[in-house]
Structures are given as structure tokens and as C-alpha cells.
There are 2 protein chains.
Amino acid sequence: MENIAPSDATGWMPSLDQGGASVHNAVVSVLGSRILGGDYAPGAALPREEELCAMLGVSRTSVREAVKVLSAKGLVEARRRAGVRVLPRDSWRLLDPVVLGWHPSIQDDEELVSGLLEARRIFEPAAAELAARRASAADLAEIERAVVGMRDNIPGDLNAVCQADLAFHKGVIAASHNVVLKGLVGMLEAALRATFLVTNPLMEAQSRALSAHVAVLEAIRVRDTAGARGAMNRLLDIAADDLHARG
Amino acid sequence: MENIAPSDATGWMPSLDQGGASVHNAVVSVLGSRILGGDYAPGAALPREEELCAMLGVSRTSVREAVKVLSAKGLVEARRRAGVRVLPRDSWRLLDPVVLGWHPSIQDDEELVSGLLEARRIFEPAAAELAARRASAADLAEIERAVVGMRDNIPGDLNAVCQADLAFHKGVIAASHNVVLKGLVGMLEAALRATFLVTNPLMEAQSRALSAHVAVLEAIRVRDTAGARGAMNRLLDIAADDLHARG
DNA sequence: TGCGCTTGAGGATCGCGGCCATCACCACGC
DNA sequence: GCGTGGTGATGGCCGCGATCCTCAAGCGCA
């Protein structure tokens, strides 16, 4: 029965503890995390509005807005008399980065991790091939900047390396100029984050990964579609190896 | 300045004209369609809450809930003093079937149609390959039922054929047992609907498509992964041909 | 005198609480 | 067994105050 709001009258702690900066975002985040975490299982019913208000210390307006948002993301369904029930996992918009961000520990969800990696092996090589065909000068510059960012931070700042790695894959997908693939960057972001959490920062692994990234970049630059696809495949092989070795 | 609500006091027309069954769903649907239709371009600001209320004939509560939903789907962003602004298309959750359903005419959006088909050619053959490896008896029965549904309605009910076709592709993706791929069924649904709108019901095309579907089913049944991938590729070749011939 | 930073007021959304309407479900009665 | 009314939940509307971002006017400095 924790309390989100700063509660009563006396003091005023300016910050909210969870999620976004606004009250209803905090409610959305709390309920979403609780659903993804399994506290409210699919098929189960959430507490009534009134109870949620009391539980979270917010007004009905915020709770109702939060329920609407969760409903928009396919997590719950609100019916008139029956209250709010959690929908089965198949209807959850797991490709929504926000929803994926509510997962308490992606790296421990075996089905999700393998599904994400499998999906990456399906569409990232294809994205690289399309990028080799369509990348503009700006796209190439973006990808190259990411590679440079990886190289310059390799022995040191691990966080910067991760961000550059993410920027690299985002750049390749953006260079594919495909609307659907661009809709998958959120999923990719979550997948990479999970990978970074599992894969320890091994020097050798990092240098291998860097050379694979360079190979993808060069293949795209010279418009070698098959080479780009193959280089991306090798890159994902390395990632899968690291993931498997550590898992 | 149309009015969603039944307006004033005298009469009471029970039905809402747009979208779902509830008021806020109607508002969401109207605003979403208007954004997708280009009436509110990316970067532009929506009218103020008060104006939207007057324009749609609903209360601020409904408008605000609708804005929250649209914000959850990445269409708009509400900032305090600046009002509600439409976000760039890249942040729209186009993989959300609801969002895609707001598109006024998918078949006329060249970039979207080609992007959808391209995406299908990337991940549907892969899904067929995975299905050949993992399909359960129930999965196979579901796919087979869809094929039978296509065959039995081929000369007659076009709508039933389309539904069976959709069920077929859904079944293959479900049989792949991949979380990410299952998240793409909404996109697939919109893609198929757009295809059906363009491709006229040619007898020869339908029979060709049917045999291709049967080939995919048989390959999955005998666990022929490469065959399933190839058959799905041929199926998509046919679809692309029909689409191109008519486009 | 011109430019840039600060500060003030305005104005929009945000959040709250109460109210009534609506509708599904259940139990009672015919 | 079926119809009907009670009951309790969500759906929707309204007005209020708080908040805080934005824009622009005003001031200081070179």
C-alpha cells in the first residue's frame, strides 16, 4: 500500500518516485510494472477505482487516465460492471518500448530474450542490406559517428560504448528507410539493454564486436548489399555467442 | 465543427457515430484519424482543450483522456503551456493495429504499402521456417482450417476468402512461437487489408495463391524448414505481382 | 544605442473531488 | 423459467485551484 503522491498538507517533496514526471504517468508506470512483473496476472482483476485511488494516494481522474493508457497499450480491458481485468499476454503491445521498459528483468525472461535475439537475426541483416542500397550521406555519417563513438570509448566508458552501439543499430535501421523496420527500434533498444546487462565487458569481445561493426559500415558505404547482410549476420553471431557464453 | 455527441437536452440518439462505443473512444478515433489523415500535420498544434471540447461537443475529461491515449500511441505530446502538438511520424506507433486503422487510405500511401510488403518479405519467410520447426498439432490444425476456408470459398464469397487468408498468415506467425513476430500480426492485418483493396478478385490469381498456401502448409507439416521458407517466398512473389500489376 | 540576460505576468494543462447517468449482474418474485 | 427491479461498478461531466512553461517586456552592461 505504498503512496505515490507527496500525500498530505505539511511538507512538499518535489519529486515523484516512479516513472515520468507527472502523477498520472507515475500511476501508469506503477500499474504497468506491476502487471509486467506478474503481481496482476492475465485474467485477474485490478482493484476497483476507489481502492486504487486510496492505495496510490491519487484522485480518480489520474487512475482513470492511467487505465485508459494501459488499455491503449493492450495490457488491460475495462468493462462496465466487471472492473478492470488484465488481458492475456498476446494482446500486450510488447513492441512498445514503454511497455518493454516496464519489464522488471528482461534478461531473466528466457522466452523474451531468445525471441528478441531471434527477431534481430531475422530483420537486422535485412535492414543492413536495405541500408546498403539506400543509405544517404547523412545516414552514413550517423552510422560512422556511432562506430567512432564505440572505438573511442572502448577501453574506458562502458556506458558510452553501449549508447554508441545502440546508435549504430538505430542508424542502420534508419538507413533502411523502411517504415515498419523503423517501428522496431524500441524493441531493439530493449533487446540491446538486456544484452548489455548479461554480457560482461570483456575486452576481447568488445574488440571483436567493434571490427564487426566496422565491417557492416564499410559494406554499406560501398553499396555491397550481400556483404552488409553477411557482416550483420556475423555481428549477431558474436552477440549470440557472448550471450550464450554468459547465460 | 462537427459534433460527436448527441448534443443537447431534448432528444437522445443512442449511438455514437465514430470509432468505439464510448465517448472517449470516439474522440480518440476522430483525432487519430485526423492526424493520420494529415489534417493536423507533425509539428502543428492541436486546438486547445476548451476548443476541442466545443468542437466535438464533449467534456474536458473525455478530451484529456483521449489526448493521453494518443500520447501513449506516440501521436502527440502534451506540454504544459504549449498545448498538444503532433509528433513527427517516426515516433508514431505504426505497428499498433489501431493506429494503422486510423489511416484514411493505406492503399494510396505508396511508402507505407511498399514498406509493409517489404517487411512481410523479410519476416514472413522466417516465420514460416520457424513454424516448420516448432508448429504444434493445434497450430497445424489452425493453419489447415484456414486453407480449407480459402478453398471452399474461392469462387464465391470474397470476404470469406480474405478472412481465411488473414487467418492463414496469423496461424503461421502463431506457429513460429516468437514473441516479437506475434507482435506484428496487427501490422500484417493492415497490410493484407490494403492488399485486398488493391488486388481485384481474379480467379487465376486466387487459384495460384491457393496452391502457394497449400505448399506452405505441407512444408510446415513435414517439418521442411527450407521448403516452408521457399514456399512463403513464392507466395509473397505472387502477392507482389498482383499488387504491382494492379497498382 | 544595441544586445543579452533576467524577471514578471499570462495562460495553458494538470490534478482533484463531487455529481449524476448508465449499464451489467444478481436476486427476488411472478 | 422468465421477467423485473435493486445494486454496485464504471463512464462522463463540471468547476475549482495549483502548477509551471512560454512569451515578452524591462533592465543592465558593453
Side-chain angles (χ1 to χ4, degrees), chain A residues 3-31 44-72 76-87, chain B residues 3-16 18-31 43-72 76-87:
Chain A
N3 203 307
I4 289 179
S7 73
D8 301 281
T10 65
W12 172 259
M13 295 301 288
S15 72
L16 290 168
D17 37 4
Q18 292 257 15
S22 60
V23 171
H24 96 268
N25 265 327
V27 176
V28 169
S29 187
V30 167
L31 293 181
L46 266 65
R48 296 175 309 161
E49 282 183 355
E50 185 185 353
E51 293 183 37
L52 283 175
C53 296
M55 187 184 303
L56 302 173
V58 298
S59 73
R60 269 192 66 212
T61 307
S62 301
V63 168
R64 286 189 51 194
E65 287 180 352
V67 169
K68 292 294 179 303
V69 171
L70 294 176
S71 175
V76 302
E77 183 191 31
R79 302 183 62 178
R80 278 212 94 100
R81 157 99 170 159
V84 181
R85 295 201 323 184
V86 180
L87 290 174
Chain B
N3 204 307
I4 289 180
S7 72
D8 302 280
T10 65
W12 173 258
M13 296 299 291
S15 74
L16 290 168
Q18 293 256 16
S22 59
V23 170
H24 95 267
N25 265 326
V27 176
V28 169
S29 188
V30 167
L31 293 181
L46 267 63
R48 295 174 308 161
E49 279 185 358
E50 187 185 351
E51 292 183 40
L52 284 175
C53 295
M55 187 183 305
L56 302 172
V58 297
S59 73
R60 277 189 288 283
T61 307
S62 301
V63 168
R64 286 189 51 196
E65 286 180 351
V67 168
K68 292 295 179 305
V69 171
L70 293 175
S71 176
V76 302
E77 183 190 31
R79 301 183 62 177
R80 283 204 88 102
R81 154 90 170 158
V84 180
R85 295 201 324 183
V86 181
L87 291 174

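To find a chain, count down the sequence lines: A is the first, B the second, and so on, and within it residues start at 1.
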Inset, instruction - Output, in order, the C-alpha distance, side-chain angles, deciding distance and verdict of salt bridge (Lys or Arg N to Asp or Glu O under 4.0 Å) for B:E50 and B:R60. - result: CA-CA 7 Å; B:E50 187 185 351; B:R60 277 189 288 283; over 6 Å; no

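Annotation: side chain of A:L56 is in contact with side chain of A:V30 (closest heavy-atom distance under 4.5 Å).
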Legend entry - Annotated protein contacts, base or backbone, on nucleotides 5-10 of chain D with a non-hydrogen cut-off under 4.0 Å, one of B, S, - each: --BBSB

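Taking OG of A:S62 as the reference point, atom CD of A:E49 lies at 11.5 Å (rounded to 0.5 Å). One finds the CG atom of B:L70 at 9.5 Å from the OG atom of B:S29 (value rounded to the nearest 0.5 Å).
Between the axis at the start and the axis at the end of the helix from C:dT1-D:dA30 to C:dC30-D:dG1 there is an angle of 10°, using five pairs per end and rounding to 10 degrees.
Remark: C1' of C:dT13 and CD of B:E77 are 13 Å apart, rounded to the nearest angstrom. Rounding to whole angstrom units, CG of residue A:L56 and P of C:dG15 are separated by 13 Å. For the pair B:N25 CG and C:dT22 P, the interatomic distance rounds to 19 Å; values are reported in whole Å. One interatomic measurement links the two molecules: NE2 of A:H24 to C1' of D:dA18, which rounds to 18 Å at whole-angstrom precision.
Taking A:R79 as the reference, A:E77, A:A82 meet the side-chain contact (heavy atoms from CB on, under 4.5 Å) condition, with sequence neighbours excluded.
Nearest heavy atoms, A:L87 versus A:V76: CD1-O, 3.5 Å. Among all heavy-atom pairs drawn from A:H24 and A:A66, the shortest one is O-CB, 4.3 Å.
Residue A:S62 places none of its side-chain N or O atoms closer than 4.0 Å to OP1 or OP2 of C:dC14.
Note on B:K68 versus B:E65: no salt bridge recorded, every NZ/NE/NH1/NH2 to OD/OE distance being 4.0 Å or above.
Checking D:dG12, C:dC16, D:dC13 against every side-chain atom of B:V58, the shortest atom distance belongs to D:dC13.
Contact of B:T61 with D:dC14 (side chain to base): a donor-acceptor pair of N or O atoms is detected under 3.5 Å.
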